[in-house]
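As structure tokens, the structure follows; a few thoughts come after it.
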There are 2 protein chains.
Amino acid sequence: MTSKTSPLSPSDAAAGYCLDTQVGFLMRRANQRHLAVFAEEISDLTPTQFAALAKLCELGAVSQNALGRATAMDGATIKGVIDRLRTKSLVASSPDPNDQRCLLLKPTAAGWDLFESVAPAAHQITKDTLAPLNEAEQTIFLLLLEKLT
Amino acid sequence: MTSKTSPLSPSDAAAGYCLDTQVGFLMRRANQRHLAVFAEEISDLTPTQFAALAKLCELGAVSQNALGRATAMDGATIKGVIDRLRTKSLVASSPDPNDQRCLLLKPTAAGWDLFESVAPAAHQITKDTLAPLNEAEQTIFLLLLEKLT
DNA sequence: CAAAATCCATTGGTATACATACAAGTTTGT
DNA sequence: ACAAACTTGTATGTATACCAATGGATTTTG
């Protein structure tokens with residue numbers, strides 16, 4: 001057997017490694033399933049685009065980078081997302097008179113309408129994603145997820 | 001207040017929508033943190049590349065698509081991953097004599113060596129990712145994650 | 001007040017990730 | 001045996017996602 005002094009030799013660690021039970025792998029698969037659920041319920045927007053639009057509707061008017069921070073996307077990522085939302089005329093941008101560095105973003109009327117019309121589906125997505133768990137498990141899962149953030 | 005007969009009108013659903021407590025958003029953030037932990041402990045490989053290499057070391061010799069299924073990646077994705085692992089000389093491919101469509105993949109000696117040398121770090125990554133939870137919570141979290149798959 | 005440190009948006013590069021389409025090879029149903 | 005259905009690897013296109021670098025604007029500091 002293995003020596004008791006060292007934690008685990010490389011080859012022992014390799015022998016004991018099982019991808020299918022690792023957090024990272026399980027989280028990736030759980031997320032894959034969630035994305036599939038999302039796509040089935042909301043086809044107009046990707047999950048990321050919906051997150052950006054929802055947060056923008058919640059905040060009203062913010063700069064691009066600020067919206068990125070609020071939605072956990074870096075500057076490069078949020079730019080692409082906003083570009084696509086602008087192409088769809090769901091978001092409008094204007095220079096911030098108080099700070100010439102900033103692009104002030106606001107949802108358009110169409111953006112608001114779309115958000116309101118798909119919000120029920122968004123609730124359903126959360127419900128469907130968590131459907132394999134009973135109610136107590138759902139609560140615990142969300143609690144633990146938040147702790148991991 | 002709201003009518004009791006309909007579940008939730010669009011605008012009510014929109015008003016009650018909070019991105020920060022949605023499963024999808026929380027999973028994305030938890031995953032972001034995991035990826036950061038991973039990158040800090042293993043810089044030679046991306047999480048996806050490591051998953052493919054680890055699974056290939058476990059299975060010995062499989063076709064590209066079969067490895068994709070075993071690691072939950074579609075054909076297009078696993079191709080790119082294997083291409084990059086081949087560029088690094090960690091994986092070798094040869095035609096399958098039994099099925100001319102298949103590329104038979106095998107880890108190279110360098111691939112085995114790298115896998116064994118980073119396997120301890122992989123265990124550490126799982127540990128660090130779950131560090132915000134106590135032991136009981138970690139067990140529950142992994143259990144619930146598996147149920148969601 | 002001027003220099004340093006920050007912040008902002010943008011760009012370029014790399015790496016997933018999935019959908020779709022395709023050609024070549026294999027298996028099935030009849 | 002042979003056409004239909006399926007599988008495999010590949011290619012293309014779109015959408016995240018992050019890092020690093022850049023240039024312009026603002027704030028902090030010395």
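By convention in this document, chain letters (A, B, ...) are assigned in the order of the sequence lines, proteins followed by strands, and residues within each chain are numbered from 1. This one's a predicted model, so the numbers in the text were calculated from it and none came from an experiment.
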Report the relative orientation of the aromatic rings in B/F115 and B/F50; use parallel for angles under 30°, tilted for 30 to 60°, perpendicular for over 60°.
tilted

Interatomic distance, [X] [atom1] vs [N] [atom2] [rounded to whole Å]:
| X | N | atom1 | atom2 | result |
| --- | --- | --- | --- | --- |
| B/N98 | D/dT7 | CG | C1' | 15 Å |
| A/D96 | D/dT26 | CG | C1' | 12 Å |
| A/L45 | D/dT14 | CG | C1' | 15 Å |
| B/R29 | D/dC18 | CZ | C1' | 17 Å |
| B/D83 | C/dT14 | CG | C1' | 14 Å |
| B/F38 | C/dT16 | CZ | P | 10 Å |
| B/Q32 | C/dT16 | CD | P | 17 Å |
| B/L35 | C/dA17 | CG | C1' | 13 Å |

State, with a plain yes or no, whether a side-chain heavy atom of B/P132 is found less than 4.5 Å away from one of B/R33.
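Yes, at least one pair of side-chain atoms sits under 4.5 Å.
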
Would you confirm whether [X], through its side chain, and [Y], through its main-chain N or O, come within 3.5 Å as a donor-acceptor pair?
| X | Y | answer |
| --- | --- | --- |
| A/K88 | A/D44 | yes |
| A/Q64 | A/I82 | no |
| A/R28 | B/T71 | yes |

Please state whether the phosphate of D/dA17, meaning OP1 or OP2, lies under 4.0 angstrom from any side-chain nitrogen or oxygen of B/R28.
yes

Does a nitrogen or oxygen in the side chain of A/R84 sit under 4.0 Å from OP1 or OP2 of D/dT16?
yes

Donor-acceptor contacts, no H, no angles, side chain residues 99-108 of chain B, under 3.5 Å, sequence neighbours left out:
residue, atom, partner, partner atom, Å
B/D99, OD1, B/R101, N, 3.0
B/D99, OD1, B/R101, NE, 3.0
B/D99, OD2, B/R101, NE, 3.4
B/D99, OD2, B/R101, NH2, 2.7
B/T108, OG1, B/S89, O, 2.8
B/T108, OG1, B/L90, O, 3.3
B/T108, OG1, B/A110, N, 3.4
B/T108, OG1, B/G111, N, 3.0

Start at the 5' end of DNA chain D and walk down; is the nucleotide closest to A/P97 or to A/K88 reached first?
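Going by which nucleotide is closer to the 5' end, it is A/K88.
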
Hey, which sits more toward the 5' end of DNA chain D by its nearest nucleotide, A/N31 or A/Q100?
A/N31

For DNA chain C, find the residues of residues 48-80 of chain A with a heavy-atom distance under 4.0 Å and give them by number; none if there aren't any.
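Going residue by residue through residues 48-80 of chain A, the ones with a heavy atom under 4.0 Å of DNA chain C turn out to be A/S63, A/Q64, A/N65, A/R69, A/G75, A/A76, A/K79.
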
Counting heavy atoms from C-beta on, name the nucleotide in D/dG24, D/dT7, D/dG9 closest to the side chain of B/R101.
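Of the options given, the side chain of B/R101 lies nearest D/dT7.
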
Linking directly or through intermediates, with side-chain heavy atoms under 4.5 Å: list the remaining ILVMFWY members grouped with A/L144, chain and number order.
A/V23, A/L26, A/M27, A/L130, A/L133, A/I140, A/F141, A/L142, A/L145, A/L148, B/V23, B/L26, B/M27, B/L130, B/L133, B/I140, B/F141, B/L142, B/L144, B/L145, B/L148

